[in-house]
Amino acid sequence: MYINKVSHYLPSEVVGNEYFTELNNLSSEWIISRTGICERRKAGEGENTSTMAIEAVKSLLESSPYGTDEIDLIVGATYTPYDTIVSLAHAVQHYVGIADIPVISVSSACSSLLNAIEVVQGYFALGKASKAIVVVSDHNTAYNNERDTVSGHLWGDGASAMLISKERQSDSDMYIQEVVTGGAATSGKATEGVVLRPNERGVIMPYGRDVFQYACIYMPKVSQQVLDRCGLTIDDVDYLIPHQANHRISLNVINTLGIPEEKLISNIQRYGNTGCAGCAIALSENQDRFKKGDRIVVTVFGGGYSFGAMLIEV
């Protein structure tokens, strides 16, 4: 599979740490030391998970390497849907105006990007599609409780979209060499660590330490696994894009793997935890940084628990 193009969308409203200092008496220095976050983006009035996804897709299609009529699959991913019936992917289908194609939305918390790409991989393998849109979007601030001093300051909003094809379309395509995902719901406080139960309350993280510990176990583990499957070593990795949950987790992951910090790509400092969109946003905004032949590992971990890694060759 090949990523033909990737784009992203971020709301214009910036929420700095001083907001949470006034609200919850949490100093900016404390937030930065615990999470790495200096500011985050917040969806504005009239924006939601679906509108952000559509904006990312709009940018994606501005200079598409092929016609919209050639797209034969749309896969959306989010754990913060605007509408649980008219799904994220269906909102995108309505926008692009492609009739009668498979349209699916998935959710595996912050790991949803890689599960969405695996769905595409399955459709391609079965010969049911050859060109797909994958779109990831999370509107965390719609569900978040800002007064929660444990996790209220973590969340940001954003979206990203990819065109993925079964066959190479141009020399600039990024090759998806391998994808590995898994569920770890039998580990620790997996089903309680971080939850979003709409009938009860917003996003809460009653067992943040457990989430931290298992993220630091599974992201290095699955990153090594995806490299092993491709006959590669850590030395072959040019960049690592981890799930943007906490900068201390990211540093722990690269230290465990033995990857120097200059190979770490991080955007949590500016955007907060943008959920399943974070890694795709990072891939999109760093495109100019990558050189032909670079190998990028994207590794994710989410509530539930869920995990995964993907190896991309530029």
Side-chain angles (χ1 to χ4, degrees), residues 1 34-36 77 79 106-122 136 154 174-195 205 207-268 273-280 282-283 294-313:
M1 294 193 299
R34 301 282 294 182
T35 69
Y79 59 85
V106 301
S107 177
S108 52
C110 293
S111 300
S112 301
L113 168 67
L114 296 195
N115 288 109
I117 290 173
E118 273 194 322
V119 170
V120 172
Q121 188 179 42
V136 285
L154 299 179
M174 292 186 280
Y175 173 46
I176 300 175
Q177 194 166 348
E178 184 63 274
V179 184
V180 178
T181 69
T186 56
S187 300
K189 301 287 188 180
T191 59
E192 303 170 79
V194 53
V195 297
M205 193 178 295
Y207 298 103
R209 183 178 295 276
D210 197 73
V211 177
F212 188 104
Q213 289 173 342
Y214 280 98
C216 291
I217 291 169
Y218 274 99
M219 285 203 284
K221 179 180 176 180
V222 73
S223 298
Q224 188 64 62
Q225 187 179 353
V226 82
L227 290 170
D228 290 344
R229 288 195 181 190
C230 298
L232 299 171
T233 70
I234 291 299
D235 292 337
D236 296 309
V237 176
D238 295 287
Y239 295 102
L240 180 86
I241 304 177
H243 167 48
Q244 305 295 306
N246 183 307
H247 193 58
R248 289 193 301 147
I249 292 176
S250 298
L251 294 175
N252 189 294
V253 169
I254 61 170
N255 288 336
T256 300
L257 289 169
I259 292 175
E261 192 170 348
E262 59 265 25
K263 292 186 177 183
L264 172 66
I265 292 179
S266 180
N267 62 24
I268 190 171
N273 184 343
T274 49
C276 69
C279 287
L283 185 68
D294 280 351
R295 293 188 179 97
I296 305 161
V297 171
V298 176
T299 184
V300 294
F301 183 83
Y305 292 136
S306 56
F307 63 91
M310 172 172 66
L311 178 65
I312 302 169
E313 184 174 328

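Distance check, rounded to the nearest 0.5 Å: OG of Ser187 to OH of Tyr305 gives 8.0 Å. Taken to the nearest 0.5 Å, the SG atom of Cys279 stands 7.5 Å off from the NE2 atom of His243. A distance of 11.5 Å separates NE2 in His247 from CG in Asn252, rounded to the nearest 0.5 Å. Taking CE of Met310 as the start and OG1 of Thr181 as the end, the distance is 11.5 Å to the nearest 0.5 Å. Atoms CG and CE, from Asn273 and Met205 in turn, are 7.0 Å apart once rounded to the nearest 0.5 Å. Rounding to the nearest 0.5 angstrom, the gap separating the CG atom in Leu257 from the CD1 atom in Ile234 is 4.5 Å.
Counting only heavy atoms from C-beta outward, the side chains of Arg229 and Leu311 never approach each other to under 4.5 Å. Taking 4.5 Å as the limit, some side-chain heavy atom of Leu283 sits within range of a side-chain heavy atom of Ile312. Counting heavy atoms from C-beta outward, Ile241 and Ile296 have side chains that approach closer than 4.5 Å. In this structure, the side chains of Ile254 and Lys263 stay at 4.5 Å or more apart for every pair of heavy atoms. Within the 4.5 Å cutoff, no side-chain heavy atoms of Leu114 are placed close to those of Phe307. Leu264 is listed as a side-chain neighbour of Leu251, based on a closest heavy-atom distance under 4.5 Å. Under the 4.5 Å side-chain criterion, counting only non-hydrogen atoms from C-beta, Thr35 is not in contact with Ile268. No side-chain heavy atom of Val237 sits less than 4.5 Å from a side-chain heavy atom of Arg295.
Summarising the local packing, CZ of Arg248 is surrounded by more than 12 heavy atoms from other residues, nucleotides or ligands at distances under 6.0 Å. Residue Glu261 places its CD atom among 12 or fewer non-hydrogen atoms of other residues, nucleotides or ligands, all under 6.0 Å distant.
Without hydrogens or angle criteria, Ser111 side chain to Cys276 main chain gives no donor-acceptor distance under 3.5 Å. Counting only distance, with no hydrogens or angles, the side chain of Gln213 and the backbone of Val211 share no donor-acceptor pair below 3.5 Å. With hydrogens and angles disregarded, no donor-acceptor distance shorter than 3.5 Å links the side chain of Asp210 to the backbone of Gly188.
Under 3.5 Å, the side chains of Thr299 and Ser223 contain a donor-acceptor pair of N or O atoms.
In terms of heavy-atom proximity, Met1 sits nearest to Tyr175 at O-CD1, 3.4 Å. In plain terms, the two heavy atoms of Gly275 and Tyr79 that are nearest each other are CA-OH, 3.3 Å. The heavy-atom pair separating Ile265 from Ala282 by the smallest distance is CG2-CB, 4.0 Å. Minimum interatomic distance between Ala190 and Ala185 (heavy atoms only, all atoms of both residues): CB-O, 3.5 Å.
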Checklist entry - What do the steps show when you test Val222 against Val226 for side-chain contact (heavy atoms from CB on, under 4.5 Å), and what is the final call? => result CA-CA 6 Å; Val222 73; Val226 82; 5.8 Å; no

Next on the checklist: Please determine whether side-chain contact (heavy atoms from CB on, under 4.5 Å) holds for the pair Glu118 and Val106, giving the CA-CA distance in whole Å, both sets of side-chain angles, and the decisive distance to 0.1 Å.
Outcome noted: CA-CA 11 Å; Glu118 273 194 322; Val106 301; over 6 Å; no

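A side chain to side chain donor-acceptor pair (under 3.5 Å) with Asn115 is found for one member of Ser107, Ser306, Ser108 and no other, namely Ser108.
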